[in-house]
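Proteins get letters first, then strands, A, B, ... in listed order; numbering begins at 1 in each. The structure presented is a predicted model; accordingly, all values stated were derived computationally and were not measured.
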Amino acid sequence: MKISHEDKVFYPEDGLTKGDVVGYYRDVADAMVPHLRGRPLTLRRFPDGIAKQGWFQKHPGEHFPDSVRVESVPRAGGGTDDYVVCDDAETLEYLANQGTVEFHVWLSTVDAPTCPDRLVLDLDPPDGTPVAELRAAARRIRDEYERVGLTAFVQATGGRGFHVLAPLDAKSDTDVVLELSRALADRVAATGPDRLTTAQRKEKRGDRIFLDANRNGYAQTFVAPYSLRARPGAAAATPLDWRELGKAEPDGWSLAKEKQRPARKDDPWRALDEHAASAETALAKLPSAE
DNA sequence: GGGCAAA
DNA sequence: TTTGCCCAACGCCTA
DNA sequence: TAGGCG
Ligand SMILES: [Mn+2]
Ligand SMILES: [Mn+2]
């Protein structure tokens with residue numbers, strides 16, 4: 001596919017062009033596409049670069065070609081909504097060439113939109129949080145997951161925090177998964193030495209790390225693995241081996257560095273779906289759950 | 001990035 | 001012919 | 001019921 005406006009500057013502070021962005025998505029497609037496949041997408045598009053106004057887009061553009069998969073999923077309040085779904089490298093490249101910088105995905109697939117196959121806890125630190133504290137919190141989340149039979153995977157978000165994710169069997173409704181994620185978050189916040197809070201209201205958080213379970217609600221999204229972020233630095237969301245976490249920074253993988261990674265090293269999340277577990281079983285193992 | 005209506 | 005506008009929505013909480 | 005929050 002021909003890249004249009006290849007030399008247009010997309011990241012002015014980093015000297016990166018649209019050609020660099022589309023080339024990046026070409027290079028990571030093998031690792032990234034499995035994490036997009038079948039999932040409703042939210043695109044964050046910046047056709048004139050990240051310094052100009054961009055927008056979120058979930059419904060397919062009228063001009064998108066037929067080769068771009070579109071699926072209808074139930075809307076919470078009744079009716080349905082059309083979403084773009086990216087199942088292959090060609091679609092990824094097309095969307096990147098449309099100026100998509102960030103890709104966000106549902107925690108469920110179009111086959112079972114109301115039964116998530118992912119659970120995620122999101123660490124949102126206030127300014128000035130030492131990264132060591134963030135890493136320690138991620139490990140404690142992992143330990144809580146494992147106590148209830150979930151397998152934990154971690155990614156640097158490319159922003160300010162980490163995501164700790166567990167694959168699920170997609171047999172429990174969003175309600176159950178949300179309840180489980182909240183119970184896990186509350187346990188981590190209540191039992192550890194870390195300065196963590198699950199309070200939604202900013203004024204109640206103080207100077208603590210926000211442990212966000214809200215991404216597990218219906219029709220919510222999280223940043224897709226290997227997605228670039230639309231901020232100076234051109235960091236990418238980057239799945240990590242737990243052994244790498246000790247020296248990982250949330251925004252430590254730039255476009256240039258990242259794009260060799262999946263080729264050089266297996267995707268740390270490659271085996272995700274082999275570890276799918278039951279949310280109901282996990283919930284039953286939680287002492288605090290009724 | 002591109003379609004579309006208004007100026 | 002050029003310019004401007006549109007391109008998301010939602011869940012779940014607390015006040 | 002409106003607004004905060006992500
Ligand atoms: Mn976050
Ligand atoms: Mn968050």
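- Phosphate contact (OP1/OP2 of C/dC10, side-chain N/O of A/Arg75, threshold under 4.0 Å): present.
- Residue contacts for A/Asp81: at a heavy-atom cut-off of 4.0 Å it reaches the sugar-phosphate backbone alone, with no base atom in range.
- A ring-centre distance under 6.0 Å is found for A/Phe103 and A/Tyr25.
- Under the 6.0 Å distance and 45° angle rule, A/Arg142 counts as a cation-pi partner of A/Trp242.
- Nearest to the side-chain atoms of A/Leu178 among the listed nucleotides C/dC12, D/dC5, C/dA15 stands C/dC12.
- Taking the six-membered ring for Trp and the full ring otherwise, A/Tyr24 and A/Tyr226 have centroids separated by 6.0 Å or more.
- Rounded to a whole angstrom, the distance from the P atom of D/dG6 to that of C/dC7 is 24 Å.
- For A/Arg201, the listed nucleotide lying nearest its side chain is C/dT14; candidates were C/dT14, D/dG6, B/dG3.
- The residue A/Lys52 sits apart from the nucleic acid: no heavy atom pair falls under 4.0 Å.
- For A/Trp106 and A/Tyr218, the gap between ring centers is short of 6.0 Å.
- Nearest nucleotide to the A/Trp55 side chain, out of B/dG2, C/dC7, D/dG4: C/dC7.
- When distances are taken from the side chain of A/Asp122 to each of C/dT14, D/dG6, C/dA9, the shortest belongs to D/dG6.
- Between C/dA8 and B/dC4, the two P atoms lie 16 Å apart (nearest whole Å).
- Looking at A/Gln220, its side chain comes within 3.5 Å of the base of D/dG6 through a donor and an acceptor atom.
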(request) List the steps, then state whether salt bridge (charged side-chain N to carboxylate O under 4.0 Å, His left out) holds for A/Asp81 with A/Arg75. (result) CA-CA 6 Å; A/Asp81 268 322; A/Arg75 189 192 302 218; 3.0 Å; yes
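- Proximity note for A/Asp212 (side chain, C-beta onward) versus D/dG6, B/dG2, D/dG4: the nearest is D/dG6.
- Proximity of A/Lys202 to the phosphate of D/dG3: no side-chain N or O atom is located under 4.0 Å from OP1 or OP2.
- Here A/Arg160 does not reach the OP1 or OP2 of D/dG6: none of its side-chain N or O atoms lies under 4.0 Å away.
- Within the 4.0 angstrom heavy-atom criterion, only backbone atoms of the sugar-phosphate kind lie near A/Ser4; the bases stay farther away.
- Remark: A/Arg182 is in phosphate contact with C/dC13, judged by side-chain N or O atoms under 4.0 Å from OP1 or OP2.
- Of the candidate nucleotides D/dG6, C/dA15, C/dA8, C/dA8 has the atom nearest to the side chain of A/Gln57.
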